[in-house]
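Whatever order the structure lists them in is the order used to number ligands and atoms, beginning at 1.
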Amino acid sequence: MFEIAPSILSSDFTRLRDEIEAVRSGGARILHVDVMDGHFVPNITIGLPVVRSIRNFTDMVIDTHLMISEPGRYAVEFVRAGANMVSVHVEADNHLQRTLTAIRDAGGQAGIAINPATPNEMLTEAVPYADFVLLMSVNPGFGGQKFIPTMLDKLRRLRAMIEERGLKVRIEIDGGIDGSNIGDIVAAGAEIIVAGSAVFGGGDARQSVADLIEKGTVWV
Ligand code: DX5
Ligand code: ZN
């Protein structure tokens with residue numbers, strides 16, 4: 001089983017509420033919110049006030065992806081603002097176990113995000129404290145980039161590591177996913193599929209979510 005998590009980064013912010021309602025009616029239950037600080041990544045996006053506003057009108061699961069330096073300073077604030085899932089980058093946090101535990105203690109699901117060039121082995125010690133791993137399949141910072149093909153094998157190895165250790169950790173994947181590769185990505189073991197430009201990049205967002213669900217439905 002897998003789910004689509006539309007990333008609002010590629011949505012029309014002047015119509016954010018309509019965009020969110022469209023993806024909800026297309027079958028998405030999780031909403032991916034990209035938080036960037038212009039320091040950890042070369043772009044600045046949105047933060048706590050937008051999460052609070054979204055929380056006020058939707059029952060969707062809010063998944064905040066913190067692409068920020070020192071995420072431990074803010075992670076719990078995002079749970080308090082209404083986020084259900086909060087991921088922090090392994091590359092950005094010197095005290096990852098502490099941050100993951102704090103997110104859980106605040107009532108959130110804790111995620112570890114990992115960049116394409118960071119080996120899965122960097123997750124070894126912290127993964128038992130996480131509810132999910134967010135595998136980046138592009139270098140974070142922008143929507144609309146191309147899926148890095150070697151990430152498919154990295155995903156398979158991460159899936160194998162989680163199975164071998166008997167961990168209850170879900171795998172989310174983010175970056176460059178569309179109808180052409182979603183089938184392979186689901187088959188390789190991803191359970192939450194983030195899609196930005198494939199959902200909001202033009203046309204009907206509701207229909208785009210429905211199409212991705214159909215194309216990802218593979219029988220293995
Ligand atoms: C990239 C963000 C992604 C982005 C995905 O740094 O983390 O969530 O919105 O967009 P697409 O699906 O267009 O690659
Ligand atoms: Zn993201």
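- Side-chain atoms of I185 and L152, non-hydrogen and from C-beta on, do get closer than 4.5 Å to each other.
- Atoms CD1 and CG, from I112 and L135 in turn, are 12.0 Å apart once rounded to the nearest 0.5 Å.
- Salt bridge status for D211 with K215: absent, with no side-chain N to carboxylate O gap under 4.0 Å.
- Using a 4.5 Å cut-off on side-chain heavy atoms (C-beta onward), E19 and R206 make no contact.
- If you check which protein heavy atom lies closest to atom 9 (O) of ligand 1, you get S7 OG, 2.8 Å.
- Heavy-atom contacts of G175 reach the following atoms of ligand 1: 14 (O) (cutoff under 4.0 Å).
- Contacts between A195 and ligand 1 below 4.0 angstrom, taking non-hydrogen atoms only, involve the backbone exclusively.
- Of all the atoms in ligand 1, the ones that sit under 4.0 Å from a non-hydrogen atom of M136 are 7 (O).
- By the 4.5 Å heavy-atom criterion applied to side chains, N120 and K154 are counted as neighbours.
- Residue, atom and distance of the protein heavy atom nearest to atom 13 (O) of ligand 1 are S197 OG, 2.6 Å.
- If you check which protein heavy atom lies closest to atom 14 (O) of ligand 1, you get G176 N, 2.8 Å.
- Annotation: protein N, O or S atoms under 2.8 Å of the Zn ion (ligand 2) (waters excluded) comprise H32 NE2, D34 OD1, H65 ND1, D174 OD2.
- In summary, the side chains of D34 and T45 do not present any donor paired with an acceptor at a separation below 3.5 Å, with no hydrogens or angles considered.
- Counting atoms of ligand 1 from 1 in the listed order, those under 4.0 Å from a heavy atom of M36 are 6 (O).
- Taking 4.5 Å as the limit, some side-chain heavy atom of V79 sits within range of a side-chain heavy atom of I103.
- Side chain to side chain, H65 and S87 fail the donor-acceptor criterion of an N or O pair below 3.5 Å.
- If you check the side chains of D93 and H95, you find no donor sitting under 3.5 Å from an acceptor.
- At the shortest separation from atom 1 (C) of ligand 1 among protein heavy atoms lies F142 O, 3.5 Å.
- Not counting sequence neighbours, the partners of E163 by the side-chain hydrogen bond (donor to acceptor under 3.5 Å, both in side chains) test are R159.
- Looking at atom 6 (O) of ligand 1, its nearest protein heavy atom turns out to be G141 N, 2.7 Å.
- Side-chain contact of N84 with R55: a donor-acceptor pair under 3.5 Å is present, judged by distance alone.
- Atoms of ligand 1 found under 4.0 Å from any heavy atom of H65, numbered from 1 in the order shown, are 7 (O).
- Under the 4.0 Å criterion applied to side-chain N and carboxylate O atoms, E191 and R170 are not assigned as salt-bridge partners.
- Ligand 1 places these atoms under 4.0 Å from at least one heavy atom of G143: 10 (O), 13 (O).
- Between H89 and M67, some side-chain heavy-atom pair lies under the 4.5 Å cut-off.
- Backbone and side-chain nitrogen or oxygen atoms of M67 are examined, and none is located within less than 3.5 angstrom of a nitrogen or oxygen of ligand 1.
- E21 and R24 are not joined by a salt bridge, as no carboxylate oxygen comes within less than 4.0 angstrom of a charged side-chain nitrogen.
- Ligand 1 places these atoms under 4.0 Å from at least one heavy atom of V194: 8 (O).
- Close N/O approach between D174 and ligand 1 is found [any backbone or side-chain N/O within under 3.5 Å].
- The contact set between ligand 1 and P140, taken as ligand atoms under 4.0 Å from a residue heavy atom, comprises 6 (O).
- Considering only non-hydrogen protein atoms, atom 12 (O) of ligand 1 sits nearest to G196 N, 2.8 Å.
- Those atoms of ligand 1 that come under 4.0 Å of a heavy atom in H32, given as number and element, are 8 (O).
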